[in-house]
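Since the structure comes first, as structure tokens, the remarks are kept for the end.
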Amino acid sequence: MWDEAEFAVTGGERAIAIGVFLAILSAVANGSFAVLSKTRSIRRARVSPLIFNFWACLGVLLSSLLLLFKYKFVFALEGLLSGVFFVLSFINIFRAVRLLGVSVAYGIWAGTAAIVSFMARELFEGTTKNLSLAGLAILVIIIGVLGVAWSGQMSWEPQDFYEDDDHTQTLIQSQPSFAGWVQHRKLWDVAGQSKSGERPKNVLTGEPASRSFPAGVFSAVLAGILGGLVMIPANQAPDMAQGNAFLPSFGIAVAIFTPIVTSLPYLSGCELPDLSAREAAGPGILSGFIYNIGNMLNIVAIFYVGSSVAYPLFQCGIIVAGIWGMLYFEESHGNALITLWAADVVLLVGIILLSLTH
């Protein structure tokens, strides 16, 4: 039987090539999973980030349990803490993507997560060899995060304020009178809400449009803080539950806390959430699968080439998310797009520098 541990040690250049390849695949998955929460079908059905998160967490659970075919189950209590951090982080990821777009939201939460993860590891393990370089790296990452946020502000428009589905666009192009009605409706809504003292609202979050950008940035930062803490408890797990063997425990914790978090906003009204199973189950579960597969691949890649190589490659998901945002969603243009890519490069430089401090 093929022994992964022995191959990682004795495989030489072939083992390194496999590790790098797995890390690149993990970056593609990491930069792509959130895209499904912003597809036209999800926006058209007005599936909230909270409900999409429910289905995505189900995908994470199912993919985690698949590892029981390979690893002996050892329940780690540390998985409970990881599960709480993860569920709350995931909700904020999807909320930030809905409000800011994929590329901007990803850059903010990835940079924040890199800093928080490093600081948490340093607090508990103290393995940093060069604190001066670490300080410089953190400063560079912060500059990158601020640049990403600034690029988002430059190109920001209220997300999902009016539906932009295929049917509406067909009517606009074929019936000038309908196009005029749409424009009139927008102006009438904005004017009417201004007269009543209310501001235009995002139809999915219910927040005033003028506050949606700061709310999106807050969600992205919070997602990064919580996301940076997700795998910290795993380092304290028993030896038999290290690496991918930790994920079944993590998945069970996700299964426990996801229904609780999903139902909390509905408790005051004593009502059940509409899970929009027909519209959201497939994309949501697939999103969770993609995320967790990326997570698994990164863990294996670290095993082959070490975190100093695998982690920066994993964070190249920033580039993948930027490509999705640029080509598929057309989130940024002109100077905003240039600023975004420059900030992403700065972010990656900071993350590479941070990885060299161990």
Table please: side-chain donor-acceptor pairs of residues 335-349 below 3.5 Å, with sequence neighbours left out.
{"unit_1": "T339", "atom_1": "OG1", "unit_2": "N335", "atom_2": "O", "d": "2.8"}

Atom pairs and distances, donor-acceptor, side-chain atoms in residues 101-115, under 3.5 Å, two or more places apart:
{"unit_1": "S103", "atom_1": "OG", "unit_2": "E331", "atom_2": "OE1", "d": "2.8"}
{"unit_1": "Y106", "atom_1": "OH", "unit_2": "N30", "atom_2": "ND2", "d": "2.4"}
{"unit_1": "T112", "atom_1": "OG1", "unit_2": "I108", "atom_2": "O", "d": "2.8"}

- Query: ring pair (Phe, Tyr, Trp, His ring centres under 6.0 Å) with F86: which residues, sequence neighbours excluded?
  - Reply: F90, F250, Y291
- Set of ring pair (Phe, Tyr, Trp, His ring centres under 6.0 Å) partners for F218, sequence neighbours left out: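 Ring pair (Phe, Tyr, Trp, His ring centres under 6.0 Å) list for F218, sorted by chain: empty.
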- Message: My understanding is that a hydrophobic cluster links ILVMFWY residues whose side chain heavy atoms are under 4.5 Å apart, including indirect links. Using that, what else belongs to the cluster containing W150?
- Response: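 Listed partners: M154.
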- Task: Hydrophobic side-chain clustering at under 4.5 Å (ILVMFWY, transitive links): who's grouped with M240? Put none if nobody.
- Result: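 Once heavy-atom contacts under 4.5 Å are chained together, M240 belongs with V74.
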Sequence neighbours left out, what passes side chain to side chain contact (heavy atoms under 4.5 Å, CB included) with [X]? Give chain and number order.
{"X": "L81", "answer": "F85, P233"}
{"X": "A234", "answer": "M231, F246"}
{"X": "L61", "answer": "L58, L65, A255"}
{"X": "L139", "answer": "I143"}

- Item | By side chain to side chain donor-acceptor pair (under 3.5 Å) - contacts of S63 (at least two apart) | N292
- Task: Could you name each residue pair satisfying ring pair (Phe, Tyr, Trp, His ring centres under 6.0 Å) that touches residues 13-32, not counting sequence neighbours?
- Result: none
